[in-house]
Amino acid sequence: MKRIVYILNSNGIGGAEALIKEINENYFKDVDVLTMWGHNNVQKEFWNFNHNGKVINLTEDSLSVSVLFKVMNKVVKYLKLNEYDIIQTQLKGSDIIIGFLVWIRLLKKNKLISIIHNNYEFYYEAGLKNRLVGMVHQFFMKRVFDKIVVVSRQDLDKFKKAFGDKLVVIENSINYEEFDKKENFDFTKETIDIALVGNVKHRKGYDKLNELFIQLAKNKKRYIFNIAGGIEDSELQNKVLDDSKNYNNIEVIFHGKISNINEFLLKNDIFLSLSRVEGLPISVLEAMAINIPIILSNIDAHSLIIDAKIKKSVLFDTIEECSNNIININSNYQMIIQSQYELLKQRFNFENMCKKYEEIYNEENK
């Protein structure tokens, strides 16, 4: 078995980190995790492995210019003292730092793999700053990385044009059989609990909640929005809370980071995502595994993982459509959960995903 180190930007926790932990605990065993700087969404006990894998935090300090230089020095020292067969980086920061250090030969060229967790626009388009950073990112990806893995089928033409034969598609998957399933549904009750999972920031679409509150306020039912995730934008959090107080039938509860996603989702009736951008969201797969109906923004990351016959009931382009899908869930939920669980079994098999990673780990470098 190859010895692997995953190098992450920070010690913050999101979907990418949840997937890495799942892989490490259930398939690969000789794996360490290295985080380069601190993040306000740290979850201290998250990386407690059920095997001997180590977690190395180079610093608890937030990223700054001075911290960046300290981190680069520390990562060089650590990787010179600890031999790994595979270095796998996650997100642009770690890609660029490790790519740069290998390019200037401060680090030895091991097998170097990058995992891209978002769409092409998120990495390389949009504003000028993002485009400039994206140019630097692509420079190192093309010159020093051996494989570039994308976790979703979105924007494949663009990624293939950029990276050619280095590109591999390995869709995110989960151990769906290990999840407890929701068995009892009652959408005739007066209160409906709606789960949202993801750190509180603009990209996740939480600012759209007020418009949804306006739509649902016309309905007689009471709606509780249970939000699980770290607070990256406290102003947005406060706005959502203030907006919710304007409606008698709306309540919002921020649960912060949660340790047991299965338990959290089972307490809810519906899973909702308002996201503007995603890769292949683990939280949506988890909701499918638990068998609660999902309602999702109509972005590529979502539409590419939804069974065609239920897209109208699941996906929405406008908040009015979102509201209608929530209100009409009683007539659609069985079809949604049955179709999505079948898709989960056919396409998002956890062991198959791990075997694909193992294949690229074992390939000889060209």
Side-chain angles (χ1 to χ4, degrees), residues 6-20 35-37 39-41 63 68 88-100 113-142 145 147-164 166-173 196-208 229-233 236 272-285 296-306 315-317:
Y6 293 92
I7 301 183
L8 312 179
N9 286 359
S10 72
N11 57 9
I13 303 301
E17 290 75 26
L19 178 64
I20 290 170
T35 70
M36 293 193 290
W37 53 80
H39 195 282
N40 61 344
N41 283 325
L63 180 62
L68 177 60
Q88 182 167 307
T89 56
Q90 314 273 139
L91 304 177
K92 280 190 283 190
S94 57
D95 294 341
I96 291 172
I97 291 169
I98 300 302
F100 171 72
I113 297 168
S114 169
I115 311 299
I116 290 182
H117 287 279
N118 254 305
N119 66 358
Y120 191 88
E121 179 183 4
F122 182 84
Y123 271 79
Y124 303 121
E125 296 177 345
L128 178 61
K129 180 182 177 182
N130 197 55
R131 288 175 181 270
L132 291 174
V133 173
M135 289 172 64
V136 175
H137 186 259
Q138 283 203 25
F139 176 87
F140 293 122
M141 299 281 269
K142 292 175 181 178
F145 281 80
K147 290 291 181 183
I148 296 135
V149 178
V150 292
V151 302
S152 169
R153 295 178 185 176
Q154 60 184 316
D155 297 333
L156 278 185
D157 289 344
K158 291 181 178 180
F159 281 120
K160 285 178 180 177
K161 185 177 180 180
F163 301 123
K166 288 188 176 185
L167 189 73
V168 180
V169 181
I170 304 178
E171 288 187 298
N172 284 345
S173 301
L196 297 94
V197 177
N199 292 342
V200 178
K201 52 188 173 183
H202 180 263
R203 181 162 64 85
K204 296 294 185 179
Y206 291 110
D207 57 300
K208 303 175 188 176
I231 308 301
E232 294 191 29
D233 187 337
L236 179 56
L272 171 65
S273 174
L274 300 159
S275 284
R276 292 178 167 88
V277 178
E278 291 285 354
L280 199 163
I282 296 295
S283 58
V284 176
L285 300 184
L296 312 173
S297 53
N298 190 12
I299 57 176
D300 286 346
H302 290 154
S303 64
L304 287 167
I305 61 173
I306 300 300
L315 301 175
F316 62 87
D317 291 298

Q: Quick check: do L274 and F316 have side-chain heavy atoms less than 4.5 Å from each other?
A: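 They are in contact (side-chain heavy atoms under 4.5 Å apart), so the answer is yes.
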
Q: Do S303 and Q154 have side-chain heavy atoms sitting under 4.5 Å apart?
A: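 No, too far: nothing below the 4.5 Å cut-off.
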
Q: For side chain to side chain donor-acceptor pair (under 3.5 Å), just list the numbers for H302 and E278, CA-CA rounded to whole Å, side-chain angles, deciding distance to a tenth of an Å, and then say yes or no.
A: CA-CA 8 Å; H302 290 154; E278 291 285 354; 5.1 Å; no

Q: Between N199 (side chain only) and G230 (backbone N and O only), is there a donor and an acceptor less than 3.5 Å apart?
A: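 Flag set: sc N199 to bb G230 pair under 3.5 Å.
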
Q: Are E125 and K158 within salt-bridge range, i.e. N to O under 4.0 Å?
A: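 So E125 pairs with K158 through a salt bridge.
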
Q: Are side-chain heavy atoms of L91 and Y123 found at a separation under 4.5 Å?
A: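 Yes - at least one pair of side-chain heavy atoms lies under 4.5 Å apart.
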
Q: Mind listing the closest non-hydrogen atom pair of A301 and G279 along with its distance?
A: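 So the minimum-distance heavy-atom pair works out to CB-O, 3.0 Å.
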
Q: Flag the pair Q138 / F163 as yes when at least one side-chain heavy-atom distance between them is below 4.5 Å, and no otherwise.
A: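 Side chain of Q138 against side chain of F163, heavy atoms only: contact under 4.5 Å found.
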
Q: Can you tell me if R276 uses its side chain to pair, donor with acceptor, with the backbone of K204 under 3.5 Å?
A: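 Not a single qualifying donor-acceptor pair exists.
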
Q: Could you tell me whether a side-chain N or O of N172 sits under 3.5 Å from a main-chain N or O of L280, the two making a donor and an acceptor?
A: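 Yes; judged by distance alone, with no hydrogens or angles, the pair exists.
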
Q: How long is the span from the CG atom in D155 to the NZ atom in K160, to the nearest 0.5 Å?
A: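 Taking CG in D155 and NZ in K160, the distance rounds to 12.0 Å.
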
Q: Given T35, which of I7, N9, L8 fulfils the side-chain contact (heavy atoms from CB on, under 4.5 Å) condition?
A: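 For T35, the side-chain contact (heavy atoms from CB on, under 4.5 Å) test succeeds with only one of I7, N9, L8, which is L8.
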
Q: Do E121 and V277 make a side-chain contact, defined as non-hydrogen atoms from C-beta onward lying under 4.5 Å apart?
A: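 With C-beta onward as the side chain, the pair stays apart.
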
Q: Are side-chain N/O atoms of N130 and K92 paired as donor and acceptor at under 3.5 Å?
A: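 Looking only at side-chain atoms, K92 and N130 do form a donor-acceptor pair, the distance falling under 3.5 Å.
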
Q: Are side-chain heavy atoms of N119 and D300 found at a separation under 4.5 Å?
A: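 No, side chains not in contact.
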
Q: Could you list the residues that satisfy ring pair (Phe, Tyr, Trp, His ring centres under 6.0 Å) with F159, not counting sequence neighbours?
A: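 Here the qualifying residues are Y120.
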
Q: Does any N or O in the side chain of Y124 come within less than 3.5 Å of the main-chain N or O of H137, such that one atom is a donor and the other an acceptor?
A: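 Judged by distance alone, no pair lies under 3.5 Å.
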
Q: Can you name the side chain to side chain contact (heavy atoms under 4.5 Å, CB included) partners of S173, sequence neighbours left out?
A: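 In terms of side chain to side chain contact (heavy atoms under 4.5 Å, CB included), with neighbours along the sequence ignored, S173 is linked to F348, M353.
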
Q: Is the closest side-chain heavy-atom distance between V149 and Q88 below 4.5 Å?
A: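 Side chain of V149 against side chain of Q88, heavy atoms only: no contact under 4.5 Å found.
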
Q: Going from OG on S152 to CD on E171, what distance comes out if it is rounded to the nearest 0.5 angstrom?
A: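 Answer rounded to 0.5 Å: 6.5 Å.
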
Q: Is R203 paired with D233 through a side-chain N to carboxylate O contact shorter than 4.0 Å?
A: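 Here D233 does not pair with R203 in a salt bridge, since their nearest N and O are not under 4.0 Å apart.
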
